[in-house]
K.L.:
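Mind having a look at this structure? Questions to follow.
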Amino acid sequence: MNTYPTILIAEDSESDQILIGLGFEKAKFPFSIHFVQDGIQATEYLEATGRYRNRSEFPAPIVLLTDLKMPRMTGLELLAWVREHKIWRNLPVIVITGSNQAEDLRQAMELGANSYVVKDLLMRPPPALLKAILRLS
């Protein structure tokens, strides 16, 4: 049984999932990481429904990282969903994206994102990211 705090990552790209996972592993981040494919799966995970019903297998996360561009429910829609739900509204949310567009950053921050990180940094996470996650959790 893993005793590390859980980070939930909503990311639809399998290759990005692998690279992000390797980046966290290489940086020796003291977290358990759970990936979901999109915002819908993230809401199911957070609500502990469907395949995510077992909280011992899918523990409540201390931080949510979400990609912006995903099918079915985008990262911005997921962020809005999180902020509208009483139980999750204070969950720290870090938006991860390949986009450096100012409009994406503005929208994410207006919806209540705690931070905005370009994906490249997750594949080679700097110590500052670990500190930010620890500060938010």
Side-chain angles (χ1 to χ4, degrees):
M1 182 169 140
N2 193 341
T3 58
Y4 292 125
T6 297
I7 295 176
L8 178 61
I9 303 177
E11 169 60 64
D12 62 315
S13 166
E14 269 189 54
S15 58
D16 283 355
Q17 285 183 12
I18 291 167
L19 292 172
I20 291 167
L22 289 172
F24 272 72
E25 189 177 303
K26 186 176 179 181
K28 296 184 180 2
F29 277 17
F31 300 104
S32 173
I33 298 172
H34 285 273
F35 286 99
V36 293
Q37 296 291 318
D38 58 38
I40 298 291
Q41 285 185 5
T43 62
E44 292 169 353
Y45 187 107
L46 292 170
E47 291 183 320
T49 60
R51 66 176 284 210
Y52 305 107
R53 187 178 2 222
N54 182 344
R55 272 295 181 221
S56 61
E57 186 178 353
F58 302 103
I62 60 161
V63 176
L64 168 64
L65 278 64
T66 182
D67 186 17
L68 274 184
K69 316 280 191 230
M70 296 183 291
R72 300 194 315 153
M73 178 187 268
T74 69
L76 293 176
E77 292 167 332
L78 174 58
L79 177 57
W81 182 94
V82 167
R83 294 300 179 238
E84 290 169 3
H85 283 75
K86 184 178 181 178
I87 211 168
W88 295 110
R89 79 172 48 127
N90 294 318
L91 178 69
V93 177
I94 299 173
V95 172
I96 57 174
T97 184
S99 169
N100 261 336
Q101 296 179 10
E103 179 61 17
D104 288 339
L105 171 61
R106 184 193 63 73
Q107 284 185 296
M109 298 316 259
E110 280 181 4
L111 286 169
N114 295 88
S115 190
Y116 187 93
V117 177
V118 178
K119 277 186 199 177
D120 233 19
L121 292 177
L122 291 178
M123 296 167 191
R124 296 180 315 281
L129 179 60
L130 172 60
K131 288 177 186 166
I133 291 171
L134 290 172
R135 188 180 70 247
L136 291 171
S137 59

K.L.:
Output yes when K69 and D104 qualify as a salt bridge under the 4.0 Å nitrogen-oxygen rule, no when they do not.
P.N.:
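The answer is yes: the pair qualifies as a salt bridge.
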K.L.:
Does any part of the side chain of V117, heavy atoms only, come nearer than 4.5 Å to the side chain of S115, both counted from C-beta?
P.N.:
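Side chain of S115 against side chain of V117, heavy atoms only: contact under 4.5 Å found.
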K.L.:
Determine, step by step, whether V36 and I9 satisfy the side-chain contact (heavy atoms from CB on, under 4.5 Å) criterion, reporting the C-alpha distance in whole Å, the side-chain angles of both residues, the deciding distance to 0.1 Å, and the verdict.
P.N.:
CA-CA 6 Å; V36 293; I9 303 177; over 6 Å; no
K.L.:
Can you see which heavy atom on A10 is nearest to which on L78, and at what distance?
P.N.:
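Of all heavy-atom pairs spanning A10 and L78, the closest is CB-CD2, 4.0 Å.
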K.L.:
What distance separates R55 CZ from E57 CD, expressed to the nearest 0.5 Å?
P.N.:
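One finds 11.5 Å between CZ of R55 and CD of E57.
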K.L.:
Shared ILVMFWY cluster between I96 and M70, side chains joined below 4.5 angstrom?
P.N.:
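They do not share one cluster, since no chain of ILVMFWY contacts under 4.5 Å joins I96 to M70.
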K.L.:
Do the rings of Y52 and Y45 sit parallel, tilted or perpendicular, given the 30° and 60° boundaries?
P.N.:
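The arrangement is tilted - the two ring planes meet at 30° to 60°.
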K.L.:
Looking at every non-hydrogen atom in both residues, tell me the closest pair between Q37 and Q41 and how far apart they are.
P.N.:
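Heavy atoms of Q37 and Q41 come nearest at N-OE1, 2.8 Å.
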K.L.:
I'd like to know if W88 and V93 are part of one continuous hydrophobic network [Ile/Leu/Val/Met/Phe/Trp/Tyr, side-chain heavy atoms within less than 4.5 Å].
P.N.:
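Cluster IDs for V93 and W88 match.
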K.L.:
Taking the six-membered ring for Trp and the full ring for Phe, Tyr or His, determine whether the centres of F31 and Y4 are under 6.0 Å apart.
P.N.:
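Centroid distance F31-Y4: not below 6.0 Å, so no.
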K.L.:
What I'd like to find out is whether the side chain of L111 reaches to under 4.5 Å of the side chain of L76, using heavy atoms alone.
P.N.:
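Heavy-atom side-chain distance check passes, below 4.5 Å.
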K.L.:
Hey, does P30 have a side-chain heavy atom less than 4.5 Å from the side chain of F24?
P.N.:
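No. Closest side-chain heavy atoms not under 4.5 Å.
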K.L.:
Please check if the number of heavy atoms outside R106 that lie under 6.0 Å from its CZ is greater than 12.
P.N.:
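Yes.
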K.L.:
With a 4.5 Å cut-off on side-chain heavy-atom distances among I, L, V, M, F, W and Y, is there a chain of contacts connecting I94 to L79?
P.N.:
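No, I94 does not connect to L79 through the hydrophobic network.
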K.L.:
Can you confirm whether I7 sits close enough to L65 that some side-chain heavy atom of one is under 4.5 Å from a side-chain heavy atom of the other?
P.N.:
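A side-chain contact exists here, since the closest heavy-atom pair is under 4.5 Å.
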K.L.:
Taking atom CD of E103 as the centre, does the number of heavy atoms from other residues, nucleotides or ligands within less than 6.0 Å exceed 12?
P.N.:
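Buried by this count: over 12 neighbours within 6.0 Å.
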K.L.:
Which pair of non-hydrogen atoms, one from I62 and one from P92, has the smallest distance, and what is that distance?
P.N.:
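That would be O-CD, 3.3 Å.
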K.L.:
Can you give me the closest heavy-atom contact between L91 and R83, atom names plus distance?
P.N.:
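Nearest pair, atom of L91 first, then R83: O-NH1, 2.8 Å.
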K.L.:
Given side chains that start at C-beta, do those of F35 and I20 come closer than 4.5 Å, heavy atoms only?
P.N.:
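Of all side-chain heavy-atom pairs linking I20 with F35, at least one is under 4.5 Å.
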K.L.:
D38 side chain to M73 main-chain N or O, any donor-acceptor pair under 3.5 Å?
P.N.:
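Such a contact is absent between D38 side chain and M73 backbone.
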K.L.:
Can you see which heavy atom on E11 is nearest to which on Q17, and at what distance?
P.N.:
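That would be O-NE2, 2.7 Å.
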K.L.:
Using 0.5 Å steps for rounding, measure from the CG atom of L19 to the NZ atom of K26.
P.N.:
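If I round to the nearest 0.5 Å, the distance is 11.5 Å.
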K.L.:
Can L46 and H85 be said to form a side-chain contact (heavy atoms from CB on, under 4.5 Å), step by step?
P.N.:
CA-CA 10 Å; L46 292 170; H85 283 75; over 6 Å; no
K.L.:
For D12, which residues count as a salt bridge (charged side-chain N to carboxylate O under 4.0 Å, His left out) partner, sequence neighbours excluded?
P.N.:
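Once residues adjacent in sequence are excluded, D12 has no partner under the salt bridge (charged side-chain N to carboxylate O under 4.0 Å, His left out) criterion.
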K.L.:
Just wondering, do T74 and L68 contact through their side chains at under 4.5 Å, heavy atoms?
P.N.:
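They are not in contact (no side-chain heavy atoms under 4.5 Å apart), so the answer is no.
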K.L.:
Any side-chain to backbone donor/acceptor pair from E25 onto G21? Under 3.5 Å, distance only.
P.N.:
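Checked: no pair found.
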K.L.:
Is there a side-chain contact (heavy atoms from CB on, under 4.5 Å) between L64 and V82? Walk through the geometry before answering.
P.N.:
CA-CA 10 Å; L64 168 64; V82 167; 3.8 Å; yes
K.L.:
CZ/F58 to OG1/T49 distance, rounded to the nearest 0.5 angstrom?
P.N.:
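It is 11.0 Å, given to the nearest 0.5 Å.
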K.L.:
Any idea which heavy atoms bring V95 and A108 closest together, and the distance?
P.N.:
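So the two residues come closest at CG2-CB, 3.8 Å.
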K.L.:
Between CG of D67 and OG of S13, what distance do you get to the nearest 0.5 Å?
P.N.:
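Answer for the CG-OG pair, D67 versus S13, is 8.0 Å.
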